[in-house]
Amino acid sequence: MDRRDFLRSIALAGAVATIRDNKAMTLMSQHFKGESPTTPAETYDLVAVLGGEPTTMFQKAISELGGMKKFISKGQKVVVKPNIGWDKTPDLAANTNPDLIKEIIKQCYDAGASEVIVFDHTCDDWKKCYTNSGIEAAAKAVGAKVIPADLESYYNKVDLPKAQTLKTAKIHKAILESDVWINVPVLKNHGGAKMSIAMKNLMGIVWDRRYFHANNLQQCIADISTFSKRPVLNIVDAYRVMKDNGPRGRNEADVVLSKALFISQDIVAVDTAATNFFNQIREMPLEDIKYISMADKLNSGTMQLNKLKIKRIRI
């Protein structure tokens, strides 16, 4: 099997990693040589994990943030919102990894959640997306309720007073009626938005996504991040990354096995970190993803990773 030369180093708030391609394109990091020193009392704004399987990476990441019980309380009704937008199998990286979703749900129940609901407003036929993504089966296997999002009657109108363009939006009732919700996007290229990460994944809780595309997509993505009921966690699945032809993709040639995960309560910070990571797989300058800086200006979070406490782990 042919091996390509090492590509440019991966920058994540001062951490450097390298990419090696052996057809699977496995990422290895020079600076992720082990866990950095910590104490039980130490807390982080963002955790980045590299080199493991989805379940293991999430277990490491949530542990460093203080455990799921820090975010989910006994008796709470929780929504876990993956990207399930496309009728694609997990190996094509169009949707969130089902193993990651399964572990998140399991830990929600272990933390005391009374109910966990999973949904997405899909682009392809929702039944096929739910089935072929593997997410419906994974979610149901650990007791989650999987619901549709294909009818306007499932949504209620909310105001977005801090937004610039998207002043109102119809949000899925499951989000509005939940106690807390968790945003779990997959990291990938997007033809219109350039990148699909945590903020872009919020379009899957909205009914009329056509408005976004017709009225400054970048600003509308930033605007939806001002929705007052913010995710309690943003967990970016970068186990497989669609580097080209997103958001739907074409075939395995579009996919890199990168084995990474990013987690933060700050949606702007996690999108910034994930974009920096993606930029070393395929050139994608942070300044080109305009919705990130727009959301920063709207105070939805911060792009200033150097001001955050970040934990980096290599498995």
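Throughout, residue positions are numbered sequentially from 1 according to the sequence presented.
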Heavy-atom check, side chain of Lys70 versus side chain of Thr43, under 4.5 Å: yes
Output for pair (Asp99 CG, Ile104 CD1), nearest 0.5 Å, gives 11.0 Å
Group every Ile, Leu, Val, Met, Phe, Trp and Tyr by side-chain heavy-atom contacts under 4.5 Å, then state whether Val180 and Ile171 land in the same group. yes
Hey, mind stepping through Val270 and Ile197 against side chain to side chain contact (heavy atoms under 4.5 Å, CB included) and telling me if it holds? CA-CA 9 Å; Val270 84; Ile197 327 176; 5.6 Å; no
Is Leu65 close to Gln265 at the side-chain level, that is, under 4.5 Å between some pair of heavy atoms? no
Under 3.5 Å, is there a donor-acceptor pair between the side chain of Lys200 and the main chain of Met195? no
Nearest heavy-atom pair of Gln304 and Thr302: which atoms, and what distance? N-OG1, 3.0 Å
Could you pull out the closest heavy-atom pair between Ile182 and Cys108, with the gap in Å? CD1-SG, 3.7 Å
Walk me through it: do Met203 and Leu217 pass the test side chain to side chain contact (heavy atoms under 4.5 Å, CB included)? CA-CA 11 Å; Met203 287 179 68; Leu217 177 60; 4.1 Å; yes
Using every non-hydrogen atom in the two residues, find where Ala141 and Lys102 come nearest and quote the distance to one decimal. CB-CE, 4.2 Å
Approximate separation, where rounding is to 0.5 Å, of Ile105 CD1 and Ile101 CD1: 6.5 Å
Donor-acceptor under 3.5 Å (Asn215 side chain, Tyr211 main chain): yes
I'd like to know if Phe119 and Trp126 are part of one continuous hydrophobic network [Ile/Leu/Val/Met/Phe/Trp/Tyr, side-chain heavy atoms within less than 4.5 Å]. yes
Taking it one step at a time, do Leu100 and Tyr239 satisfy side chain to side chain contact (heavy atoms under 4.5 Å, CB included)? CA-CA 9 Å; Leu100 174 60; Tyr239 182 74; over 6 Å; no
Quick one: do Val268 and Asp271 satisfy side chain to side chain contact (heavy atoms under 4.5 Å, CB included)? Show the steps, please. CA-CA 5 Å; Val268 178; Asp271 275 8; 5.9 Å; no
Interatomic distance, Gln59 atom CD to Glu53 atom CD [nearest 0.5 angstrom]: 11.5 Å
So, does Asp159 use its side chain to make a donor-acceptor pair with the main chain of Pro161 at under 3.5 Å? no
A side-chain contact here means heavy atoms from C-beta on lying under 4.5 Å apart; do Lys188 and Pro247 qualify? yes
Heavy-atom pair of closest approach, residues Ala174 and Ile117: CB-CG2, 4.4 Å
Find out whether Leu286 and Asn276 are in side-chain contact, i.e. whether some heavy atom of one side chain is under 4.5 Å from a heavy atom of the other. yes
Any chance you could measure Met294, atom CE, to Thr165, atom OG1, to the nearest 0.5 Å? 8.0 Å
Pick one: which of Ile135, Val78, Val184 meets side-chain contact (heavy atoms from CB on, under 4.5 Å) with Val118? Ile135
So how far is it from Thr122 OG1 to Asn83 CG, rounded to the nearest 0.5 Å? 10.0 Å
If you group Ile, Leu, Val, Met, Phe, Trp and Tyr by side-chain heavy-atom gaps below 4.5 Å, do Ile292 and Phe212 land in one group? yes
Above 12 or not: heavy atoms from other molecules or residues under 6.0 Å from NZ of Lys157? no
Is a side-chain donor or acceptor of Lys259 paired with a backbone partner of Met57 at a separation under 3.5 angstrom? no
Any donor-acceptor pair under 3.5 Å linking the side chain of Lys297 with the backbone of Ser293? no
Over all atoms of both residues, closest heavy-atom pair of Arg230 and Ser225: NE-O, 3.9 Å
Output yes when a side-chain donor or acceptor of Gln76 lies under 3.5 Å from a complementary backbone atom of Ala113, and no otherwise. no
Looking at Val186, is its backbone amide N or carbonyl O close enough to the side chain of Asn201 to form a donor-acceptor pair, meaning the two atoms are under 3.5 Å apart? no
Is there a donor-acceptor contact under 3.5 Å from the side chain of Asn132 to the main chain of Asp87? no
Phe71 to Gly67 - nearest heavy-atom pair and separation: CD1-O, 3.5 Å
Salt bridge Asp124-Arg248, side-chain N to carboxylate O under 4.0 Å: yes
Answer whether the closest heavy-atom distance between the side chains of Leu50 and Phe277 falls below 4.5 Å. yes
Ser63 side chain vs Lys60 backbone, donor-acceptor pair below 3.5 Å: no
Which distance, rounded to the nearest 0.5 Å, do you find between the OH of Tyr130 and the NZ of Lys140? 10.5 Å
Checking side-chain polar atoms at under 3.5 Å, does Asp266 have a donor or acceptor matched by the opposite partner on Ser264? no
Does either side chain, that of Asn234 or that of Asn183, offer a donor lying less than 3.5 Å from an acceptor on the other one? yes
Quick one: does Ser196's side chain have a donor or acceptor within less than 3.5 Å of a partner on His190's backbone? no
May I have all residue pairs that pass ring pair (Phe, Tyr, Trp, His ring centres under 6.0 Å) and include part of residues 146-166, sequence neighbours excluded? His121-Tyr155, Tyr154-His172, Tyr155-His172, Tyr155-Trp207
In Ile175, Ile224, Val158, the residue satisfying side-chain contact (heavy atoms from CB on, under 4.5 Å) with Val206 is Ile224
Any chance the side chains of Asp254 and Asn245 put a donor and an acceptor closer than 3.5 Å? yes
